[in-house]
Amino acid sequence: MIAPREQLSSVLALEVEKLFSIDGVMSEAKKFEYRESQQRMAVAVAESLENKHALIVEAGTGVGKSLGYLIPSILYARRQNKKAVISTHTINLQEQLLHKDIPLARKILKEDFSAVILKGRQNYLCPRRLERAMRNPGDLFLKTEAEELKRIWEWSKQTKDGTLSDFRLPPDPKVWHQVCSEAHVCTARTCGNNSHCFFQNARLQAQLAPVVIVNHSLFFSLVGGFDPEDPIEEKGYLFANDFVIFDEAHTLENVASKHLGFTLSKNGIRGLLQRLFHPKNQKGILQMLRQSDSIRTAVALMDQFELFFGGIENQVEFKKSNEIRIRKPDLVEDSVALPLVKLHRQLLDLAEEQEDESLKMELQDYARRLEAIKLEITDFLTQGDEGMVYWVEKTGKAGQDLQLCAAPIDVAPRLEKILFRNEQTAIFTSATLSVGKGLTYFQNRVGGTGTPSLQLSSPFNYAKQMTVYVPQSIPDPTQTFDYENALARWIKHFTEMTGGKALVLFTSYKTLKSLTEKLRPYFIQKRIQLFSQADPIPRHQLLQDFRENIDSVLLGTESFWQGVDVPGESLSNVIITRLPFQVPDHPLIEAKLEHIRSRGGDPFREYSLPEAILKFRQGIGRLIRSQSDTGIVAILDNRIITKPYGKSFLAILPDCPVKILE
């Protein structure tokens with residue numbers, strides 16, 4: 001727990017407490033409203049920074065957590081010549097920090113400082129690769145792709161930051177992969193003095209700025225050193241003298257799990273080899289270099305990979321799911337190892353012959369990738385790590401792509417070493433980290449057992465702002481046909497109560513698609529616009545359309561349970577169609593449950609239920625986003641009142657009226 005004021009040992013903490021007080025500097029800001037919970041958070045952050053220890057803070061919606069960590073972090077970073085790395089899960093929060101919260105912090109502190117968003121390398125255009133591609137379009141691209149290359153060239157003359165987000169119409173991925181920044185191609189040594197290099201400019205800005213914003217995925221890609229060609233000291237996460245704040249920290253475990261494992265995609269490997277040489281169109285780097293021997297090796301390797309993945313497909317039997325867990329080694333023979341080694345060696349030899357430094361490094365980078373593929377295939381086929389779970393997965397349209405996947409069963413021991421270091425500060429915050437009293441569950445999941453923690457409730461008046469409804473008579477969700485018909489009836493009922501303005505959350509895309517078809521005629525009749533994730537519209541566009549059409553209804557699954565921020569009348573109704581338990585037969589979830597069972601634990605109580613509660617809290621949290629918001633939550637799963645575990649879901653609801661309907 002955090003010490004009371006008289007026990008505060010930090011000078012910064014005392015200063016921050018005054019700054020956030022009723023008559024402090026914060027009170028000079030427009031629309032300032034004193035919030036004790038925000039003040040407590042800011043003081044705790046200041047204490048952890050000065051005393052160099054980790055901190056976990058659950059700050060309910062409306063606490064004002066962004067300023068709660070920004071103000072003390074900026075003061076500390078500026079005075080101690082340190083760098084604040086802020087890691088988020090969503091782009092929306094990154095943009096809010098950069099364009100709203102940080103400018104406000106500048107005004108409050110009356111300090112001018114820079115803050116930058118750093119993106120993953122492949123978001124940035126590489127001018128050197130672009131120039132080389134423009135010199136050899138005939139060897140690298142088809143005519144239509146060459147036209148796309150010209151469009152990128154024209155765009156490069158006027159873009160401000162050289163990133164994908166600066167395009168109105170995103171470029172063809174096949175062409176972009178030939179001209180974007182790559183780790184071992186665009187380095188500080190080769191491109192650091194090039195004022196036109198977008199990534200190196202971003203890199204320099206990040207090194208100079210006291211505040212750098214990244215996402216969780218990029219953080220785990222870079223942790224241990226910002227640049228492989230420019231290793232940092234042992235102290236520091238991304239930079240030599242930094243500390244890190246994880247906002248939206250509830251997603252950390254899942255993101256880390258992906259980065260601490262691997263995914264080998266059949267289509268991804270094919271795409272990589274086709275950039276070297278594409279047999280059908282006779283394009284690629286090896287064609288440009290007129291390397292017939294290497295071309296033959298690359299083509300033979302492509303053919304061998306087709307046989308390799310075909311063999312895997314013959315060995316596994318996909319039934320209801322798209323994932324099959326692999327429990328034993330030697331699923332198939334490693335028929336790609338030798339041709340991988342051969343092409344790897346040829347690329348390295350070819351690189352040594354090049355006078356063009358960037359081309360030399362690009363060939364070396366392709367060789368590194370082939371080496372990584374070989375190591376991961378070996379690991380997959382030998383089941384080399386007892387702490388990992390391995391599975392085969394079908395993805396893409398009609399399940400045409402095949403992936404070999406591996407992930408750690410328990411990321412906590414690995415995250416403990418990465419994140420919880422002596423004399424280093426990592427701060428974790430989110431509106432939803434707990435599954436009851438205390439933050440033990442989150443602490444244990446991310447390797448932070450015993451880390452100082454703080455729980456701050458939302459200042460919103462939920463008793464007046466929100467009402468929860470639960471229909472008792474709705475069939476159990478396992479009774480598919482009856483349940484879906486009843487679901488349609490109750491969705492109509494509750495959307496009629498609010499005249500639309502509803503976000504309907506599903507746990508199954510199949511159910512969402514079925515309900516979209518059932519409900520569309522009804523909403524057309526009612527002249528209510530229906531937006532659905534079943535329609536071929538990007539997520540951000542669906543959200544924008546939903547915001548702009550006040551009386552509309554939006555049906556969404558997985559990604560819509562979190563990161564949806566629609567304050568005001570447009571979202572006055574959240575309908576949860578089913579308690580969000582994870583499917584227990586996914587290989588990773590299955591392995592986690594087995595791991596808990598093997599040590600004598602209760603998998604349902606220790607994992608399945610807490611994870612469902614966290615996601616449930618995220619869904620509920622979409623409704624009330626400001627002091628003036630009002631609305632209803634409808635829970636269309638009667639297990640919340642008929643099953644013993646339902647009490648755990650009811651217990652974490654905000655203090656508001658709950659009405660049980662017949």
Side-chain angles (χ1 to χ4, degrees), residues 20 26 29-33 35 37-38 41-42 45 57-74 77 84-109 111 113-120 123 161 163-166 205-206 209-219 244-252 255 427-433 456 458-460 503 538-544 546-548 559-568 570-571 618 621-629:
F20 278 84
M26 285 281 288
K30 288 183 180 179
K31 299 181 180 179
F32 169 76
E33 180 183 326
R35 284 173 271 190
S37 54
Q38 186 183 50
M41 177 178 181
V45 170
V57 182
E58 181 179 71
T61 308
V63 165
K65 61 182 170 59
S66 296
L67 286 179
Y69 62 70
L70 276 174
I71 297 292
S73 295
I74 291 163
V85 175
I86 302 173
S87 182
T88 77
H89 184 68
T90 62
I91 295 172
N92 287 346
L93 181 54
Q94 289 186 336
E95 292 177 347
Q96 177 193 312
L97 288 167
L98 190 66
H99 301 301
K100 179 185 174 185
D101 298 326
I102 289 174
L104 181 56
R106 287 193 187 101
K107 289 182 181 178
I108 291 168
L109 297 175
E111 288 197 35
F113 61 90
S114 60
V116 298
I117 292 179
L118 186 64
K119 303 176 183 180
N123 282 277
D161 63 4
T163 72
L164 283 170
S165 62
D166 207 23
Q205 290 173 19
V211 180
V212 177
I213 303 168
V214 300
N215 64 29
H216 297 340
S217 181
L218 181 60
F219 175 87
V244 62
I245 297 164
F246 294 102
D247 203 339
E248 302 177 308
H250 59 278
T251 63
L252 264 186
V255 175
I427 295 165
F428 308 79
T429 186
S430 170
T432 51
L433 295 178
L456 301 167
S458 170
F460 295 154
L503 172 64
R539 180 183 185 274
H540 72 275
Q541 189 63 52
L542 284 171
L543 278 173
Q544 184 176 326
F546 177 63
R547 285 191 188 96
E548 293 172 355
S559 64
F560 286 84
W561 285 75
Q562 60 183 351
V564 173
D565 191 6
V566 184
S570 290
L571 208 174
Q618 281 287 321
R622 296 314 95 209
L623 182 66
I624 305 299
R625 308 301 297 174
S626 72
Q627 295 273 12
S628 59
D629 283 353

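We're numbering straight along the sequence, starting at 1.
Side chain of D166 to main chain of T163: no donor-acceptor pair is present (N/O by atom type, distance under 3.5 Å, no hydrogens or angles). In terms of modelled atom types and a separation under 3.5 Å, the side chain of S458 and the main chain of T61 share a donor-acceptor contact. Distance alone, capped at 3.5 Å, is enough to place a donor-acceptor pair between the E248 side chain and the T90 backbone. Side-chain atoms of Q38 come within 3.5 Å of backbone N or O of G64 as a donor-acceptor pair. A donor-acceptor pair is defined here as one N or O able to donate and one able to accept, closer than 3.5 Å; such a pair exists between the side chain of T429 and the backbone of V57. Side-chain N or O atoms of Q627 include none that pairs as donor or acceptor with a backbone N or O of F460 at under 3.5 Å. Judged by distance alone, with hydrogens and angles left aside, the side-chain atoms of H89 form no donor-acceptor pair with the main-chain N or O of L252 at under 3.5 Å.
Side-chain contact check for F546 versus L571: some heavy-atom pair is nearer than 4.5 Å. A heavy-atom distance below 4.5 Å is found between the side chains of F113 and I74. By the 4.5 Å heavy-atom criterion applied to side chains, I245 and F428 are not counted as neighbours. R539 places a side-chain heavy atom less than 4.5 Å from the side chain of S559. Residues Q94 and D247 are not in side-chain contact: their nearest non-hydrogen atoms beyond the backbone lie 4.5 Å or more apart.
In this structure, CD on Q562 lies 6.5 Å from OG1 on T251, to the nearest 0.5 angstrom. Distance CG/L164 to CG/N123: 5.0 Å, rounded to 0.5 Å. Here the CD1-CG distance, from I86 to L118, works out to 13.0 Å after rounding to the nearest 0.5 Å. The CG atom of L543 sits 11.0 Å away from atom OG of S570, with the distance rounded to the nearest 0.5 Å. Taking CG of L93 as the start and OG of S66 as the end, the distance is 5.5 Å to the nearest 0.5 Å. Taking CH2 of W561 as the reference point, atom CG of L503 lies at 9.5 Å (rounded to 0.5 Å).
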Query - Derivation of the side chain to side chain contact (heavy atoms under 4.5 Å, CB included) call for V85 and V214 - result: CA-CA 7 Å; V85 175; V214 300; 4.0 Å; yes

Query - Trace of the side chain to side chain contact (heavy atoms under 4.5 Å, CB included) decision for M26 with L67 - result: CA-CA 10 Å; M26 285 281 288; L67 286 179; 4.1 Å; yes

Report task. Would you please test L97 and L70 for side chain to side chain contact (heavy atoms under 4.5 Å, CB included) and show each step? Result -> CA-CA 9 Å; L97 288 167; L70 276 174; 4.0 Å; yes

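The minimum heavy-atom distance linking P210 with S114 is given by the pair CD-O, 3.2 Å. A pairwise comparison of heavy atoms in A206 and V116 identifies CA-CG2, 3.8 Å as the closest pair. Minimum interatomic distance between S73 and A84 (heavy atoms only, all atoms of both residues): CB-CB, 4.4 Å. Residues F219 and S87 approach most closely at CB-OG, 4.0 Å, considering heavy atoms. Of all the heavy atoms in P72 and A42, the pair that sits closest is CG-O, 3.7 Å. Pairing each heavy atom of S165 with each of K119, the nearest pair is OG-NZ, 2.6 Å.
When the salt bridge (charged side-chain N to carboxylate O under 4.0 Å, His left out) test is applied to E111, the partners found at least two apart in sequence or on another chain are R78. Annotation: ring-ring contact (aromatic ring centres under 6.0 Å, His included) contacts of F560 (sequence neighbours excluded): none. The side-chain hydrogen bond (donor to acceptor under 3.5 Å, both in side chains) search around N215 returns none, not counting sequence neighbours. Remark: R625 engages D565 in a side-chain hydrogen bond (donor to acceptor under 3.5 Å, both in side chains) (not counting sequence neighbours). Applying the side-chain hydrogen bond (donor to acceptor under 3.5 Å, both in side chains) criterion to N92, with sequence neighbours excluded, gives no partner residue.
For residues 91-100, the set of pairs meeting the salt bridge (charged side-chain N to carboxylate O under 4.0 Å, His left out) definition, not counting sequence neighbours, is empty.
Each of L104, L109, V45 was scored for a side-chain contact (heavy atoms from CB on, under 4.5 Å) with I71, with one residue passing: L109. The one candidate from R35, E58, K65 that meets the side-chain contact (heavy atoms from CB on, under 4.5 Å) condition with M41 is K65.
For the 3.5 Å distance criterion, the side chains of D629 and S626 qualify, holding a donor opposite an acceptor.
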